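Note sheet for the following structure.
Chain letters run A, B, ... following the sequence lines, proteins first, then strands; residues in each count from 1. This structure is a prediction, so every number in the text was calculated from the model and none was measured.
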Amino acid sequence: MEKTESKNFLEQIIENDIETNKHEGRIHTRFPPEPNGYLHIGHVKSICINFGMAQQYGGKTNLRFDDTNPVNEDVEYVESIKNDVKWLGFDWEDRLFFASDYFDQLYEFAEKLIQDGKAYVDDSAQEEISDMRGIPTKPGTESPFRNRSAEENLDLFRRMRAGEFEEGSRVLRAKIDMASPNMHMRDPIIYRILKAHHHRTGDKWCIYPMYDFAHGQSDAIEEITHSICTLEFENHKPLYNWFIENIGLFPSHQYEFARLNLSYTIMSKRRLKKLVEEGHVAGWDDPRMPTISGMRRRGYTPAALRNFIKKVGVAKRENVIDVSLLEFHVREDLNKMAMRVFGVLDPLKVVITNYPEGQTEDLPAINNPEDESMGSRTMPFSREIYIERSDFRIDAPRKFFRLGPGKTVRLKNAYIITCENHKTDENGEVTEVHCKYYPDSKSGSDTSGIKAKGTLHWVSIQHGIPAEIRLYDRLFNDEAPNGHKDRDYMEFLNPDSFEVIKNACLEPWLKNAKAGDRFQFMRLGYFCVDPDTTDGNLIFNRTVTLKDSWAKKGK
RNA sequence: UGACCCAUGGUGUAAUGGUAACACACCUGGUUUUGGUCCAGGCGUUCAAGGUUCGAGUCCUUGUGGGUCAACCA
């Protein structure tokens, strides 16, 4: 726990609860995903808050799957969710739970409510129930089935459970207040008939509890002290409390925070799913997706994500976080840990005319200037090398500290060279650059006295290895793709969000890189090895570029 | 025309009745064999009107603006 740091409102509540010895000072939270999709950066915030708070105050966090709707849920998702939470660095220890673990208890709670005259079976059609609920500004009307006897309700409910009725023909409702200004209190449905196979309970049940009748009670059963969720559940809180009070359960309390929104992206499961299904991305783990699996594949680190969430803060007002803050934390973490290597994405041949043919030198290279313990390696240098095509310009302006006719640059870890000539093809495209080098300008023993303003990365053609590089950019080119009333978010898809480079050339050290390995390609950005990589085909994903104050100047 | 929640730089988040601060972004400059990192500096903020108070971003009232709620989803 950091000392004098300012506290967010949840920390203040928790510290106050500890001071007043509420729940004997015990802190117990839960992360309650529904196993119906993949986790995204919005969930990362929830995970970090729920696990983070407990960690910070010596408490515990349960992982509980809210699996009350078998129609949408699947074990595939529970495995991916567990994997994602673990990868982020959090541990639920032996506390892996499912709302479905409590179906028997939940059923008993429902019978108790019926016996107490606080719940009834409604035979109305779905549409009738909806009509009778009224609208927010006008009270609803009571169902004709509202005043059945407890005996009749109990009998009907048991027969619902026994499978005697068709799906949709009856529901169990809590008997609260059809005139409540809070729509959730207008006799909410708490059980519906769903003749569906459940991924854990199989065919044991044909009635399933609704979210409102499962979530709070599950919290109470697990004796959760702080049930932290997002703002849209604020209106559910009176109902959450109503069930706890009327059933007589452990007094879990719900607290709400504002969900995370990121600029240039969308966060709804439904919309992300559409991107996948319509093939706008390669899958849920496409590196452009804001999913945890996508960001993992892209090369983002768990620490970067955690630090990002910490900086974003926790409050109750709607927010849109600038993606640049995320990128900042990705770079910050990678800068410390990523080995520096050389790779040329768009090769341009350079011949060093006065360098002896057939000669090769192994030049030392520091692996990470930020971390001496990462040591060094050597890189082969020879007469013919590749440089980045964008590092050469025929019409180089004054402030272009790179190569051009007559220009002098340092080849990182090697020699200073001066451009003497270049060849072009019939289209005026540069095909080859001729330079001379200064033998006494070798890195580490430079006595030439020549000053080169720019430094370039390079790869010896003879020694370089081929690789495929996948470049990613933001998926949407609008800051708030979902924030336009008259335009669909799909209209803002960035057509240039993905580019494949097939003919990149990397320094030979990289030949043994393994899937998931992260590197900084000097001067270009951070890259990681994609799992599609095979023996003969090295594939890298660009995680994020380096900051580029030159590009920003508009060149 | 209901209930609940929210309102601080470009974006976020603090300030708990007492000098509005921190991060990102942006802009300068320095260091640099990465136009990276690092270092130094700059820019810019309390929705409005009343009220309480010696003193209000903070408390009260009203207004304005925004969000949420009318799935047998969660």
Q | Of A/Y191, A/Y120, A/F109, the residue whose pairing with A/F157 passes ring-ring contact (aromatic ring centres under 6.0 Å, His included) | A | A/Y191

Q. Hey, which of A/K195, A/E164, A/H198 is the one that makes side chain to side chain contact (heavy atoms under 4.5 Å, CB included) with A/C206?
A. A/K195

Q: Among A/R146, A/R148, A/R173, find the residue that satisfies the salt bridge (charged side-chain N to carboxylate O under 4.0 Å, His left out) test when tested with A/D122.
A: A/R173

Q: May I ask you to check if A/R30 and A/F97 form a cation-pi contact, with NZ or CZ under 6.0 angstrom from the six-membered ring centre and within 45° of the axis?
A: no

Q. When we call it a touch if two heavy atoms are under 4.0 Å apart, what does A/G140 touch: a base, just sugar-phosphate, or nothing?
A. nothing

Q.
Within the 4.0 Å heavy-atom criterion, would you say A/T68 contacts the bases, only the backbone, or no part of the nucleic acid?
A. sugar-phosphate

(Q) When you compare the ring of A/W550 with the six-membered ring of B/rG35's base, are the centres less than 5.5 Å apart and the planes under 30° from each other? (A) yes

(Q) Between P on B/rC5 and CD on A/E256, what's the gap in Å once rounded to a whole number? (A) 10 Å

Q) NA contact type, A/K237, heavy-atom cut-off 4.0 Å: base, sugar-phosphate, or nothing? A) nothing

Q: Using the six-membered ring wherever Trp is involved, compare the ring planes of A/Y415 and A/F381 and label them parallel, tilted or perpendicular (cut-offs 30° and 60°).
A: tilted

Q: Kindly say whether A/D346 contributes a backbone atom to a donor-acceptor pair with the side chain of A/R389 at under 3.5 angstrom?
A: no

Please tabulate, one pair per line, each protein N/O and nucleotide N/O from nucleotides 44-48 of chain B that are separated by under 3.5 Å, including the distance.
none

Q: Could you state the atom-to-atom distance from NZ of A/K453 to P of B/rU31 in whole Å?
A: 9 Å

**Q.** Structure string for RNA chain B in dot-bracket form, Watson-Crick and G-U at under 3.5 Å, | interchain
**A.** .((((((..((((....[..)))).(((((.......)))))....(((((..]....))))))))))).....

Under 3.5 Å, which N/O atoms of the protein pair with N/O atoms of nucleotides 39-43 of chain B?
none

(Q) If you assign each of A/V320 and A/Q12 to its closest nucleotide in RNA chain B, which residue comes earlier from the 5' end? (A) A/V320

Q) For the side chain of A/R523 and the base of B/rU34, is some donor closer than 3.5 Å to an acceptor across the two? A) no

Q: Name all residues meeting the side-chain contact (heavy atoms from CB on, under 4.5 Å) criterion together with A/F328; count only those two or more places apart in sequence or in a different chain, and write none if there are none.
A: A/E332

Q | For atom CE of A/M522 and atom C1' of B/rU37, their distance in whole Å | A | 11 Å

**Q.** Contact summary for A/L456 and A/L403, nearest pair of heavy atoms
**A.** CD1-CB, 4.4 Å

Q: Could you check whether A/R340 gets within reach of a base, just the sugar-phosphate, or nothing at all, counting any heavy atom under 4.0 Å?
A: base

Just the atom pairs and distances: protein N or O near nucleotides 23-26 of chain B's N or O, under 3.5 Å.
| from | atom 1 | to | atom 2 | distance (Å) |
| --- | --- | --- | --- | --- |
| B/rC24 | O2' | A/S324 | OG | 3.4 |
| B/rC26 | OP1 | A/K552 | NZ | 2.7 |

Could you write out each protein N or O paired with an N or O of nucleotides 68-72 of chain B at a distance under 3.5 Å?
| from | atom 1 | to | atom 2 | distance (Å) |
| --- | --- | --- | --- | --- |
| B/rU68 | O2 | A/N235 | ND2 | 2.8 |
| B/rC69 | O4' | A/N235 | ND2 | 3.3 |
| B/rC69 | O2' | A/H184 | NE2 | 3.4 |
| B/rC72 | OP2 | A/R133 | NH2 | 2.9 |
| B/rC72 | N3 | A/G168 | O | 3.4 |
| B/rC72 | N4 | A/Q126 | N | 3.4 |
| B/rC72 | N4 | A/G168 | O | 2.8 |

Q: Remember a base hit wins even if backbone is also touched, and classify A/V71 as base, sugar-phosphate or nothing at under 4.0 Å, heavy atoms.
A: nothing

